[in-house]
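Scope of the values below: all heavy atoms of this structure, side chains included, with no hydrogens, waters or symmetry mates.
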Amino acid sequence: MGSAGNGRHGRGVAIAAIAALAVLCSGAILSGCTRVLNNPHPAGSEATNTMFVPFRGRSPKYLDPVSSYSNDETPFTYQVYEPPYGYHYLKRPYELIGRAAQEVARPVYRDRAGRELPDDAPGEAIAETEFVIRIRPGIRYAPHPAFARDASGKYVYHDLQAGDVAGRYKITDFEQTGTRELNAEDYVYAIRRLATPRIKSPAYSTMASYIVGLREYGPRIVAADRAGRVDLAPGERDLPFFDFRKYPFPGAEAIDAHTLRIRVIGKYPQFKYWLAMTFFAPVPWEAEKFYAQPGMAAKNLTLNYWPVGTGPYMVTEYLENRRHVLARNPNFRGEPYPCEGAPGDREAGHLDDCGKTIPFIDQVVFEIEKEGVPLLAKFLQGYYDSPAIERLDFGTGLIVAMGDDAKTEKEYRDKGIQLPTTIEANMWYFGFNWLDPVVGKGDTPAQQERNRKLRQALSIAIDWEEYIAIFERGQGAAAHGPVPPSLFGYRADGPAAFNPVVYRRGADGRPERRPIEEAKALLAQAGYPDGRDAASGKPLVLNFDYQAGVAPGSKAKLDWYARQFAKIGIQLEVRATDYNRFQDKINSGTVQLFFWGWLADYPDAENFLFMFYGPHSKAASKGSGENSANYTNPEFDRLFEQMKFLGDVPEKQRLIDRMIETLQHDAPWSFGFFPTSAAAYHQWVHNGKPTQIIRNHIGYLRLDPALRIRLIREWNQPLWWPVPLIIALLGAAIVPAWFAWRRRERETAARTLADPGALR
């Protein structure tokens with residue numbers, strides 16, 4: 001009887017197993033209707049006002065504003081800190097505006113006696129420029145333990161010992177926080193910190209040449225810092241608090257609580273752009289005091305990990321090489337979204353949020369993605385709102401992918417992926433070394449004329465439109481001069497947009513490259529008919545220094561260059577080298593032809609035109625200048641020296657036009673192209689406008705979480721059709737096994753009945 005019971009039990013187990021599997025699968029199907037099963041983020045987070053973006057490689061290394069300069073650090077520093085100035089989010093050319101400052105200050109010029117000069121005073125007469133900057137009252141720092149005080153007004157966390165930091169690994173482990181109002185002294189303190197020897201500042205050497213007294217201030221601070229830690233062991237991480245309030249210098253002063261004065265040597269109009277960089281972000285002394293306590297550095301409780309600012313966001317989570325979180329600063333005053341912009345902004349929907357208070361997003365979550373394939377996959381699934389919030393190359397890559405594959409293009413369009421593009425302040429160019437006897441300036445007037453016509457012929461022959469189509473996949477614009485479209489000085493009807501040496505007007509009025517016959521005619525006038533020296537009959541061979549070794553990826557480009565020269569009968573000899581050796585040759589002026597690029601430090605035409613200023617010659621300055629072609633022209637230098645002292649006024653435009661015309665005539669460069677940059681956003685992200693100049697852009701973005709969660713569910717529907725098949729297959733496997741087991745049980749029972757002694 002026991003065997004029969006076991007048989008019924010076994011059958012029940014089999015049936016129960018199949019039933020349980022069916023219930024489990026049906027439960028999964030039902031749950032799949034209400035939530036996404038493969039979401040890498042916490043369940044329900046896609047429905048919140050949280051932006052999800054990846055970061056690659058490593059965590060940001062320097063978030064201290066005195067040292068932060070890397071692109072991957074800007075999503076954090078420019079959201080947390082507020083320099084005096086910023087940029088209008090939508091306007092192009094870029095317009096500088098007040099950020100923490102009430103407005104962009106009018107510079108005051110003074111002569112050597114300290115007397116104020118008129119705005120139109122010649123630059124040579126100006127001994128000093130004074131910037132008096134009004135800071136907006138009422139701006140408050142984000143909550144931070146450095147500001148926490150007890151009932152008596154004493155700072156809660158300013159006298160900690162190493163044991164007090166035990167068990168605390170992040171700022172949120174300190175229970176009490178506080179805040180205070182931003183004041184002008186915080187900016188003074190920050191400028192003094194540029195001279196600190198404890199952290200290397202990329203801005204110090206440049207600013208020491210301009211801010212009054214900063215160069216002399218540096219050695220003073222080094223000596224004072226050394227004296228303060230003479231008793232410390234080498235390599236000690238717990239350094240005593242260095243209070244910059246005790247070490248003033250005349251270049252930066254607080255006139256009152258909300259007025260900052262900065263004194264600059266001579267006239268330097270571009271200094272205003274530095275005031276939009278985080279090098280000039282305020283630093284409260286309380287933060288330095290807080291972080292300079294025993295045990296803090298060992299746990300990475302420093303400004304490099306936990307910045308303290310007044311911006312729209314604050315860092316609330318820092319898991320190195322894993323995850324970072326920016327959360328809305330509850331003390332941020334709010335700013336109105338702009339109501340005007342550039343042409344096309346209204347049609348693009350960039351003005352729909354006019355007047356609404358920013359920031360719109362509550363939280364930004366950065367999660368590491370070391371590999372590009374899973375990053376792209378998660379973006380296409382909707383789990384990242386943008387694949388690269390701080391870079392514009394990812395969007396360009398998506399545009400190229402769409403052009404390469406019709407299926408990919410359909411997927412991206414069906415998903416409504418936004419890929420807004422822009423021509424940014426950077427360019428690539430082909431340079432002719434002015435020191436070279438063949439392609440350079442030339443020693444005599446006759447040789448100068450011959451060399452100029454040779455350079456002009458080559459400028460026509462190098463078809464940058466073709467280069468862009470082949471190697472940039474159409475993502476770029478051929479340059480007619482060195483000034484990009486996004487800057488003041490570029491006019492659509494001016495020289496910056498039309499190079500008459502290389503182009504002519506087509507039937508439709510648009511520029512078209514001059515025919516190769518004109519290049520050949522110029523080459524003959526230069527003394528090289530059909531690419532041979534008219535005097536010797538020898539073929540003209542030119543040397544091209546390339547900044548990398550010849551590899552499969554570069555060979556196609558090098559072959560293309562050779563074909564461009566061959567079109568007019570010139571032989572091109574490629575001298576490939578590693579980048580360090582290439583730089584050495586550029587700095588010494590020993591190249592003949594070369595290909596290089598430039599990315600602007602700030603949005604001013606001066607930052608491109610200075611690459612042709614004679615005193616900035618690489619060879620003459622032993623590598624410290626940026627005139628890589630070693631171009632010299634007294635007329636250009638004279639115009640540049642006038643232009644560099646001007647703001648964005650009509651006279652500056654006139655000088656820029658004349659300088660560009662001079663360069664087009666002399667052709668020290670074949671002007672190459674301006675690359676297209678593209679951002680990438682899902683359709684539920686609004687106000688995304690690509691830029692490499694404006695870094696505090698996250699606060700202007702807006703999400704539609706309801707649309708996001710609907711589309712994520714739509715795009716990530718689980719495939720349930722295999723479930724019935726799996727149940728059937730399992731049933732097909734379990735049921736025969738059960739019958740076989742039952743048959744054996746019956747046989748065992750029969751033998752037992754026939755031989756009862758078998759039970760013993």
Side-chain angles (χ1 to χ4, degrees), residues 202 205-206 209 270 426-459 462 479 481-483 526 540-549 561 565 570 572-601 605-641 643-644 659-660 662-672:
S205 60
T206 301
S209 299
Q270 290 72 35
N426 64 303
M427 75 177 301
W428 289 91
Y429 62 91
F430 197 98
F432 306 108
N433 184 8
W434 213 244
L435 303 178
D436 185 80
V438 178
V439 300
K441 179 181 180 180
D443 295 330
T444 66
Q447 188 64 44
Q448 290 172 10
E449 181 69 7
R450 288 183 58 188
N451 290 7
R452 178 177 62 80
K453 290 184 176 181
L454 172 59
R455 293 191 302 272
Q456 290 179 344
L458 291 171
S459 295
I462 303 174
V483 178
L540 177 60
V541 180
L542 298 179
N543 298 312
F544 175 39
D545 280 276
Y546 191 63
Q547 56 183 276
Y561 281 119
F565 283 67
I570 298 176
L572 187 68
E573 184 74 26
V574 175
R575 300 191 298 194
T577 184
D578 65 82
Y579 189 65
N580 289 339
R581 175 60 180 150
F582 172 79
Q583 286 185 299
D584 290 341
K585 296 173 78 172
I586 287 285
N587 291 340
S588 62
T590 57
V591 298
Q592 188 173 44
L593 310 174
F594 62 96
F595 179 67
W596 219 1
W598 179 255
L599 175 63
D601 295 308
E606 180 266 351
N607 201 233
F608 285 87
L609 293 170
F610 83 150
M611 289 191 286
F612 302 94
Y613 183 51
H616 288 173
S617 162
K618 284 281 189 186
S621 65
K622 298 182 179 179
S624 63
E626 294 298 343
N627 182 352
S628 53
N630 300 300
Y631 172 70
T632 57
N633 181 317
E635 174 64 10
F636 180 90
D637 290 350
R638 184 183 66 82
L639 296 171
F640 180 83
E641 287 164 1
M643 184 274 302
K644 71 178 183 179
M659 282 188 284
I660 292 175
T662 301
L663 295 172
Q664 290 168 341
H665 176 77
D666 285 349
W669 289 2
S670 173
F671 290 108

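Note that CD1 of I462 and CG of L593 are 8.0 Å apart. Values are rounded to the nearest 0.5 Å. We find the CZ-CD distance between F594 and Q547 to be 10.0 Å, quoted to the nearest 0.5 Å. Note that CG of L435 is 10.5 Å distant from NZ of K441, once rounded to the nearest 0.5 Å. Rounded to the nearest 0.5 angstrom, N633 CG and F640 CZ are separated by 13.5 Å. For the atom pair Q592 CD and L572 CG, the distance stands at 9.0 Å (nearest 0.5 Å). The CG atom of N451 sits 8.5 Å away from atom OG1 of T444, with the distance rounded to the nearest 0.5 Å.
Across all their heavy atoms, S209 and S205 have their closest contact at OG-O, 3.4 Å.
For the ring-ring contact (aromatic ring centres under 6.0 Å, His included) test, residues two or more places apart in sequence or in another chain that qualify with F565 are F430. In this structure, the ring-ring contact (aromatic ring centres under 6.0 Å, His included) partners of F612, at least two apart in sequence or on a different chain, are W669. Every side-chain hydrogen bond (donor to acceptor under 3.5 Å, both in side chains) that K453 has, sequence neighbours left out, goes to Q525. Scored by the side-chain hydrogen bond (donor to acceptor under 3.5 Å, both in side chains) test, N630 finds N433, S617 as partners (sequence neighbours excluded).
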Run the numbers on L663 and Y631 for side-chain contact (heavy atoms from CB on, under 4.5 Å), then give the verdict.
CA-CA 10 Å; L663 295 172; Y631 172 70; 3.5 Å; yes

side-chain contact (heavy atoms from CB on, under 4.5 Å) evaluation trace for F432 with L458:
CA-CA 10 Å; F432 306 108; L458 291 171; 3.8 Å; yes

Working note: R455 + W434, criterion side-chain contact (heavy atoms from CB on, under 4.5 Å); need CA distance, chi angles, decisive distance, verdict.
CA-CA 11 Å; R455 293 191 302 272; W434 213 244; 3.1 Å; yes

Using the rule given for side-chain contact (heavy atoms from CB on, under 4.5 Å), can you reason through L454 versus I570, listing the C-alpha separation, both sets of side-chain angles and the distance that settles it, and then say yes or no?
CA-CA 11 Å; L454 172 59; I570 298 176; 4.0 Å; yes

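At a threshold of 4.5 Å between non-hydrogen side-chain atoms, the residues F636 and P668 do not count as touching. In this structure the side chain of L639 never reaches within 4.5 angstrom of the side chain of L609, judged on heavy atoms. Side-chain contact between V438 and L540 is present, with at least one heavy-atom pair separated by less than 4.5 Å. Inter-residue side-chain proximity for M611 and H616 is flagged as unmet; no heavy-atom pair is nearer than 4.5 Å. Taking 4.5 Å as the limit, every side-chain heavy atom of N607 sits out of range of all side-chain heavy atoms of Q270.
Counting only distance, with no hydrogens or angles, the side chain of E606 and the backbone of M643 share no donor-acceptor pair below 3.5 Å. Not one N or O on the side chain of R452 forms a donor-acceptor pair closer than 3.5 Å with the backbone of A667.
Under the salt bridge (charged side-chain N to carboxylate O under 4.0 Å, His left out) criterion, the residue pairs touching residues 607-636 are K618-E626, E635-R638, E635-R658, with sequence neighbours excluded.
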Which atom pairs, one a donor and one an acceptor, fall under 3.5 Å between side chains of residues 579-587 and the rest of the protein, sequence neighbours left out?
{"from": "Y579", "atom 1": "OH", "to": "W596", "atom 2": "NE1", "distance (Å)": "3.2"}
{"from": "K585", "atom 1": "NZ", "to": "D545", "atom 2": "OD1", "distance (Å)": "2.4"}
{"from": "N587", "atom 1": "ND2", "to": "Q583", "atom 2": "O", "distance (Å)": "3.3"}

